[in-house]
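Here the structure is laid out as structure tokens; the discussion comes afterwards.
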Amino acid sequence: MPSSYTALAALPLTPSGKVDRLSLPAPDNCPQAPAASYLSPDDATEQAIAAIWQAVLLVERVGSTDNFFELGGTSLRMLEVNRRLCEHLHRAIPVLQMYQYPTIQSLARSLNAASGLSSASPPAIPAGRERAMQRREMQNRCPPAGRRSPS
């Protein structure tokens, strides 16, 4: 589904009767403002997700109830958000889970429930050897952008 539409009274034509693509107006790629009222992110997980969305989607403000795709998100941008979120939370997150919960609030609740965290507590970061092992495991599950994991 296109992210935006531009209505024209008539298509510009060349002298031979074909559509003059150079005369078409540039598409408006700016994301539309969300219809719902702004609700600021509550806990550490929501704030982390919001910060990542702002960086990836290039928007100034993201609320808890804003929908990723309504803000201009695409499947490729979802993969970038997934990579950054995996790095930030130090664990693997299925991309499907991010599609199932397209708002910050619903995704944070899902992530917190999956990790056994309450909505107000930040994710615990393990120390020492355990953290290094988790990082290695995460790198195997969430390869950096542009690299493929061995199959």
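What you are looking at is a predicted structure, and each value in this text was computed from that prediction instead of being measured.
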| field | Derivation and outcome, side-chain hydrogen bond (donor to acceptor under 3.5 Å, both in side chains), residues N112 and T45 | value | CA-CA 8 Å; N112 289 341; T45 306; 3.0 Å; yes

| Looking at I52, V56, V95, which one forms a side chain to side chain contact (heavy atoms under 4.5 Å, CB included) with N82? | V95

Measuring from [X]:[atom1] to [Y]:[atom2], what's the distance to the nearest 0.5 Å?
| X | Y | atom1 | atom2 | answer |
| --- | --- | --- | --- | --- |
| H88 | I93 | NE2 | CD1 | 9.5 Å |
| R61 | L71 | CZ | CG | 11.0 Å |
| Q47 | I49 | CD | CD1 | 10.5 Å |

| Working for side chain to side chain contact (heavy atoms under 4.5 Å, CB included), residues L24 and T6 | CA-CA 10 Å; L24 290 170; T6 303; over 6 Å; no

| query | At their closest point, which heavy atom of P41 faces which heavy atom of A50, and how far apart are they? | reply | CG-CB, 3.7 Å

| query | ring-ring contact (aromatic ring centres under 6.0 Å, His included): which pairs involve residues 39-68, sequence neighbours left out? | reply | W53-F68

| said: Between L107 and E46, is there a side-chain heavy-atom distance shorter than 4.5 Å? | reply: no

Do any side-chain atoms of residues 97-104 form donor-acceptor pairs under 3.5 angstrom with protein atoms, and if so which ones, sequence neighbours left out?
| residue | atom | partner | partner atom | Å |
| --- | --- | --- | --- | --- |
| Q97 | NE2 | S110 | OG | 2.5 |
| T103 | OG1 | S106 | N | 3.2 |
| T103 | OG1 | S106 | OG | 2.8 |

| Are V59 and L85 linked, directly or through other ILVMFWY residues, by side chains that come within less than 4.5 angstrom of each other? | yes

| said: Between R84 and L79 (side chain of the first, backbone of the second, donor and acceptor by atom type, cut-off under 3.5 Å), is there such a pair? | reply: no

| Between E80 and R83, does at least one N-O distance fall below 4.0 Å, as a salt bridge requires? | yes

| query | Going through the distances and angles, do T65 and Q105 end up as a side-chain hydrogen bond (donor to acceptor under 3.5 Å, both in side chains)? | reply | CA-CA 6 Å; T65 57; Q105 191 175 58; over 6 Å; no

